Number of protein chains: 2
Amino acid sequence: MSPSQPRDRGIPEATVARLPLYLRALHGMAERGVATVSSEDLAVAAGVNSAKLRKDLSHLGSYGTRGVGYDVEYLVYQISRELGLTQDWAVAIVGVGNLGRALANYGGFVSRGFRVAALVDADPEVVGDTIAGLNVEHIDELEAVIKRRGVSIVVLATPAAAAQEVCDRVIAVGVTSILNFAPVVLSVPDTVDVRKVDLSIELQILAFHEQRKAGGPLMAVDSQ
Amino acid sequence: MSPSQPRDRGIPEATVARLPLYLRALHGMAERGVATVSSEDLAVAAGVNSAKLRKDLSHLGSYGTRGVGYDVEYLVYQISRELGLTQDWAVAIVGVGNLGRALANYGGFVSRGFRVAALVDADPEVVGDTIAGLNVEHIDELEAVIKRRGVSIVVLATPAAAAQEVCDRVIAVGVTSILNFAPVVLSVPDTVDVRKVDLSIELQILAFHEQRKAGGPLMAVDSQ
DNA sequence: GCGACTTTGTGCATCGGTTCACAAAGGGCT
DNA sequence: AGCCCTTTGTGAACCGATGCACAAAGTCGC
Ligand SMILES: NC(=O)c1ccc[n+]([C@@H]2O[C@H](COP(=O)([O-])OP(=O)(O)OC[C@H]3O[C@@H](n4cnc5c(N)ncnc54)[C@H](O)[C@@H]3O)[C@@H](O)[C@H]2O)c1
Ligand SMILES: NC(=O)c1ccc[n+]([C@@H]2O[C@H](COP(=O)([O-])OP(=O)(O)OC[C@H]3O[C@@H](n4cnc5c(N)ncnc54)[C@H](O)[C@@H]3O)[C@@H](O)[C@H]2O)c1
């Protein structure tokens, strides 16, 4: 048994979901010239419990120094590597409407490893337009574009009715990572990862809690 | 102990997060004229396990009929009521840039109980514009607008640097539900609910799994 | 009206994730 | 060089969520 296992295969899903949060906090610290950070400080910056943070980081390896903390630069590198951000990911956005346009114009994810490599739409009015420096291509070209540009992540921003069909087509040409904004449950083989962003669901969850707050503690009036 | 408790206070958070999913599936069924649905069918439509679905619904009350299933209309009503969607929620969008505009123009959440009641921005170029039929108001008017329009949910779509300040101000005038699109951890009292949507985090999670898929099973080459 | 069949509602085992709390490690000060 | 102080890494208890599996409930056909 070697004394240091560089990294453990099989990082808990909950940990993976928090690594980007730590990374963001660390980037901020690096910019402010912070060289070293304790789990306590980093935890505060990321809005989590410090024990949880340490356990999360321990899944990547033993990168801290007891009595001191973590080296910011080094930790940024280790987390980036673990998340696969040391390589470049080509992203295609399918559906260039309100939302697709906002995403295409957004500089925030280009910054870290993600590059919008293609825009695809079905509307002849939109196809051929240049948005954020990219030509919008026709949906008929979907498969060709994905192969030509080496796209490995597809962002779905079409209307709900078109989402499953586009999804099936991109999977057929080998895409296994999809970010879905359309309010539908996509049916995919379990070799494919789908993450969804659903604004409407978030609002409904907020409304639920808001209702409880408004009526809750005092509204002991049972409706029976 | 009364035989039927209409509904139990204290619905698990995980259940609350799925109710909107069930509701969406049920709306689709109602539109297609389906009168009754079994937990199995509804579970498939919502992409969850049927036992989980039944347990979730059992937290609202005993609304099914054994041997038959659930009445679609009735269940829509019960879930809507539980989520607080039988009332109207006034939403303000602060930050009317790429994303804020897309949200303002989006018809999807207006449909169910949510109404965009105000748009607020700091940029004099934008203030005064009419977007989606609404006048964009100046950030100086933030507090006044929130009170005047009875806004109870605020959507934050400002740059990260401005988010905490806007957040503090809306909380100061009594807002307790915030949907945050800015990539920052907001610091709020625990009487306030914040939900965040972070595109960049979703992409990073996808990249992590994508990397594993690509290198994973065959890349047994330990880097030591 | 009765029996067979369908489907709910839930007890229970299990699992993944969180948090506490502390022993071991390491740096820095004297 | 040795001691003290800080901070990590993790064992173990705890907590909420999941999913199986089945008894109870209720419908429908005969
Ligand atoms: N805009 C928002 O704020 C928002 C919020 C939450 C969810 N959504 C969801 O995101 C999706 C897009 O929303 P939007 O507001 O941008 O809608 P939109 O109608 O403005 O844009 C949809 C675009 O998809 C294109 N399209 C239609 N069918 C297509 C196909 N088969 N292949 C390729 N492109 C196709 C259309 O031409 C259009 O340009 C919808 O599913 C919507 O429900 C949007
Ligand atoms: N556009 C996207 O696809 C996308 C995706 C993920 C996250 N985000 C995040 O959403 C936020 C908005 O993104 P965007 O692309 O719309 O940016 P944007 O720059 O296009 O828009 C920001 C808007 O906020 C306004 N603003 C600035 N300071 C303000 C203040 N103090 N009060 C009120 N308004 C103020 C600006 O005038 C501008 O109109 C950013 O935090 C961004 O990181 C955007």
Side-chain angles (χ1 to χ4, degrees), chain A residues 1-19 21-22 26 29 34-72 74-75 78-79 82 190 205 209, chain B residues 1-19 21-22 26 29 34-72 74-75 78-79 82 190 205 209:
Chain A
M1 187 169 63
S2 64
S4 73
Q5 356 168 236
R7 48 173 159 156
D8 186 21
R9 305 279 139 171
I11 294 179
E13 199 49 40
T15 296
V16 173
R18 282 187 297 265
L19 290 178
L21 222 56
Y22 304 153
L26 286 165
M29 288 171 175
V34 177
T36 270
V37 66
S38 70
S39 63
E40 185 56 38
D41 290 354
L42 182 53
V44 169
V48 302
N49 176 300
S50 72
K52 182 151 62 179
L53 177 112
R54 287 197 298 277
K55 188 154 285 184
D56 283 343
L57 295 184
S58 77
H59 287 114
L60 317 192
S62 206
Y63 298 140
T65 306
R66 290 167 193 239
V68 177
Y70 301 86
D71 182 277
V72 173
Y74 187 59
L75 198 51
Q78 290 299 343
I79 295 179
E82 196 62 51
D190 55 10
I205 296 171
H209 292 296
Chain B
M1 188 168 66
S2 64
S4 73
Q5 357 169 234
R7 48 175 158 156
D8 186 21
R9 305 280 139 169
I11 294 179
E13 200 48 41
T15 295
V16 173
R18 282 187 297 266
L19 290 179
L21 222 57
Y22 305 153
L26 287 165
M29 289 171 175
V34 178
T36 268
V37 66
S38 71
S39 63
E40 186 56 39
D41 290 353
L42 182 52
V44 168
V48 303
N49 176 302
S50 71
K52 182 151 64 179
L53 178 120
R54 286 196 299 277
K55 189 156 287 185
D56 282 344
L57 294 184
S58 77
H59 287 113
L60 318 192
S62 206
Y63 297 142
T65 306
R66 292 169 194 234
V68 178
Y70 300 87
D71 182 276
V72 173
Y74 187 59
L75 199 51
Q78 290 300 342
I79 296 179
E82 196 63 50
D190 56 10
I205 296 170
H209 293 295

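Numbers restart at 1 for each chain; the letters A, B, ... are given by sequence-line order, proteins then strands. Since the model is a prediction, treat every value here as computed from it, not as a measurement.
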Mind listing the N/O atom pairs, protein and nucleotides 25-28 of chain C, below 3.5 Å?
none

Side chains of B/Val72 and B/Thr36, heavy atoms from C-beta outward: is any pair under 4.5 Å?
no
How many angstroms lie between atom OH of B/Tyr70 and atom CZ of B/Arg54, to the nearest 0.5 angstrom?
7.0 Å
Exercise: identify the closest heavy-atom pair between B/Ser50 and B/Ser39:
CB-O, 3.9 Å
With a 4.5 Å heavy-atom cut-off, do A/Ile79 and A/Leu75 have their side chains touching?
yes
Rounded interatomic separation in angstrom, taking CG from B/Asp56 and C1' from C/dG9
13 Å
Chain A on DNA chain D: first and last contacting nucleotide, 5' to 3', under 4.0 Å to a heavy atom?
D/dT6 to D/dA12
Rounded to the nearest 0.5 Å, what's the gap from OG1 on B/Thr15 to CG on B/Leu57? Could you check?
9.0 Å
Using the side-chain contact (heavy atoms from CB on, under 4.5 Å) criterion, which residues pair with B/Leu21? Sequence neighbours excluded.
A/Lys196, A/Ile201, B/Arg24
Could you tell me the separation between the CZ atom of A/Arg54 and the P atom of C/dG17, rounded to a whole number of Å?
19 Å
Mind checking what makes side-chain contact (heavy atoms from CB on, under 4.5 Å) contact with B/Ser38, not counting sequence neighbours?
B/Glu40, B/Asp41
Criterion ring pair (Phe, Tyr, Trp, His ring centres under 6.0 Å) on B/Tyr74 and B/Tyr63, from CA distance to verdict:
CA-CA 8 Å; B/Tyr74 187 59; B/Tyr63 297 142; 5.5 Å; yes
How many angstroms lie between atom CG of A/Asp56 and atom CD1 of A/Ile11, to the nearest 0.5 angstrom?
9.0 Å
Scan residues 37-52 of chain A against DNA chain C and write down, sorted by residue number, each residue with any heavy atom closer than 4.0 Å; if none is found, say none.
A/Asn49, A/Ala51, A/Lys52
Side-chain contact test, heavy atoms from C-beta onward, threshold under 4.5 Å: evaluate it for B/Glu82 versus B/His59 and give yes or no.
no
Looking at CD of B/Gln78 and CG of B/Leu19, how far apart are the two atoms once the value is rounded to the nearest 0.5 Å?
11.5 Å
Any N/O pairs under 3.5 Å between the protein and nucleotides 11-13 of chain C? List them or say none.
unit_1	atom_1	unit_2	atom_2	d
C/dG11	O6	B/Lys55	NZ	3.1
C/dC12	N4	B/Lys55	NZ	3.2

Kindly give the heavy-atom pair with the smallest separation between A/Val37 and A/Leu42, and that separation in Å.
CG2-N, 3.8 Å
Rounded off to whole Å, could you give me the CD-to-C1' distance for the B/Glu13 and C/dT18 pair?
16 Å
